[in-house]
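Heads up, the thing below is written out as structure tokens.
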Amino acid sequence: MKAKKVLFITQEMVPFVPETPKSHMGRYLPQLIQEAGHEIRTFTPKWGIINERRNQLHEVIRLSGMNLIIDDTDHPLIIKVASISSARMQIYFIDNDDYFMRRQMICDEEGQEYTDNGERAIFFARGVLETVKKLLWVPDVIHCYGWVTALAPLYIKKAYADEPSFRDTKVVFSASSPEFKNDLGRHAAQCIPFGEAKASDVQEVVKSKFGYNDLQKLAVKYSDGVVLDDPKVSKSVIKFAEECNVSVLPYQGDDFVQAYSQFYETLM
């Protein structure tokens, strides 16, 4: 069965943020998969470093307005959109004043990691999935790319398992070498449960600390396939994927499009 619809939940992408290996992949993977014959949608956070006027972002009122409750606090979900006309791609941005406004991706201007990065990942993942439901668009494959997307697999398989938009969807997660150093903290882990995503689902993986590789393992456990994004992915994460009987696609380097497309199809 050919995977016709692919949803990309990506951490960063040029030209909206500075070019890095991740923002480059975040930008060109969806485009190249679209050019390979798939229908795509792409979501990314509206980081505070994104210039809305220069990139012509505008709010989508019909999709905004929901409040997501995290740690007993309401956080308004704001959806914005922009286009990359040269690639015929429309990009959806997840925004919220508390988590993204005037804030960078992982660290502040002085290089200090934000203490609520775990909550930011929770908000982003839930915000994407709630918005896809409203779009009434049913993806065959969802590819999660970057640390801030890592909770989406858990929510798709547990909290949204019975939703028509996700019931038959296959989930792919890109595992990578560490993007942050600090422990996300037990409080962040305790904020994850939502709906049928229970505390026990988190505790199976997060035993004591909640570090980068723990976050990745949580994503791996609830994914159908794992892509190695670089050659330095932790061996413990790769071993964990094998123990969970999750299909693993080795690092592909620059020649990845055909391999990714075929990987999606083998999961269907």
Side-chain angles (χ1 to χ4, degrees), residues 3-60 79-95 100 103-107 120-121 124-125 127-129 131-132 135 137 139-150 152 171-180 219 225-233 249 251-264:
K4 296 181 179 179
K5 296 181 179 180
V6 184
L7 170 64
F8 291 96
I9 308 177
T10 190
Q11 178 170 301
E12 54 193 284
M13 57 191 307
V14 291
F16 306 107
V17 301
E19 183 154 1
T20 65
K22 271 199 164 47
S23 65
H24 181 88
M25 178 67 87
R27 160 70 172 83
Y28 288 102
L29 174 58
Q31 177 183 336
L32 294 171
I33 292 298
Q34 178 175 255
E35 291 173 355
H38 303 275
E39 181 183 341
I40 67 161
R41 296 286 187 277
T42 305
F43 281 78
T44 192
K46 203 259 113 181
W47 303 112
I49 58 175
I50 296 174
N51 187 306
E52 293 193 35
R53 179 175 296 181
R54 182 187 307 135
N55 292 290
Q56 300 183 343
L57 272 68
H58 61 272
E59 184 175 352
V60 185
I79 309 300
K80 296 176 180 176
V81 69
S83 297
I84 301 177
S85 56
S86 61
R88 293 183 298 173
M89 287 169 51
Q90 188 175 60
I91 314 302
Y92 292 91
F93 296 82
I94 299 296
D95 199 5
F100 301 113
R103 301 178 70 188
Q104 302 190 61
M105 286 186 271
I106 297 176
C107 306
R120 298 169 89 201
F124 177 64
V128 170
L129 301 178
T131 305
V132 173
L135 290 173
W137 191 73
D140 298 306
V141 172
I142 299 177
H143 192 148
C144 304
Y145 184 65
W147 70 268
V148 79
T149 76
V171 181
V172 175
F173 176 70
S174 283
S176 65
S177 53
E179 299 175 72
F180 59 79
V226 172
V227 172
L228 303 187
D229 184 49
D230 62 59
K232 298 182 180 179
V233 176
L249 180 67
Y251 175 61
Q252 297 295 306
D254 294 332
D255 188 18
F256 59 84
V257 179
Q258 184 176 359
Y260 278 35
S261 184
Q262 290 177 347
F263 190 59
Y264 298 154

(Q) Quick check: do E179 and K22 have side-chain heavy atoms less than 4.5 Å from each other? (A) yes
**Q.** Set of side-chain contact (heavy atoms from CB on, under 4.5 Å) partners for Q252, sequence neighbours left out
**A.** L249, P250, F256, A259, Y260
Q: Could you tell me which residues satisfy salt bridge (Lys or Arg N to Asp or Glu O under 4.0 Å) with E19, sequence neighbours excluded, listed by chain and number?
A: none
(Q) Q56 vs S83, test: side-chain contact (heavy atoms from CB on, under 4.5 Å). Steps then yes/no. (A) CA-CA 8 Å; Q56 300 183 343; S83 297; over 6 Å; no
Q.
Quick one, Y251 with V233, criterion side-chain contact (heavy atoms from CB on, under 4.5 Å). Give me CA distance, side-chain angles, the key distance, then yes/no.
A. CA-CA 9 Å; Y251 175 61; V233 176; over 6 Å; no
Q: Under the side-chain contact (heavy atoms from CB on, under 4.5 Å) rule, collect the residues that match up with F180, sequence neighbours excluded.
A: I106, E113, W147, L184, Y212, L215
Q: Tell me, please, which residues at least two apart from S85 pass side-chain contact (heavy atoms from CB on, under 4.5 Å).
A: none
Q) What pairs with Q31 under side-chain contact (heavy atoms from CB on, under 4.5 Å), at least two apart in sequence or on another chain? A) R27, Y28, E35, A87, M89
Q: Side-chain contact test, heavy atoms from C-beta onward, threshold under 4.5 Å: evaluate it for T149 versus S174 and give yes or no.
A: no
Q.
Tell me the closest heavy-atom pair linking V132 and P139, and the distance in Å.
A. CG1-CD, 4.4 Å
Q) ring pair (Phe, Tyr, Trp, His ring centres under 6.0 Å) with F93: which residues, sequence neighbours excluded? A) F16
(Q) A side-chain contact here means heavy atoms from C-beta on lying under 4.5 Å apart; do M13 and I84 qualify? (A) yes
Q. Hey, what's the ring geometry for F43 with Y92, parallel, tilted or perpendicular (30° and 60° as the breaks)?
A. parallel
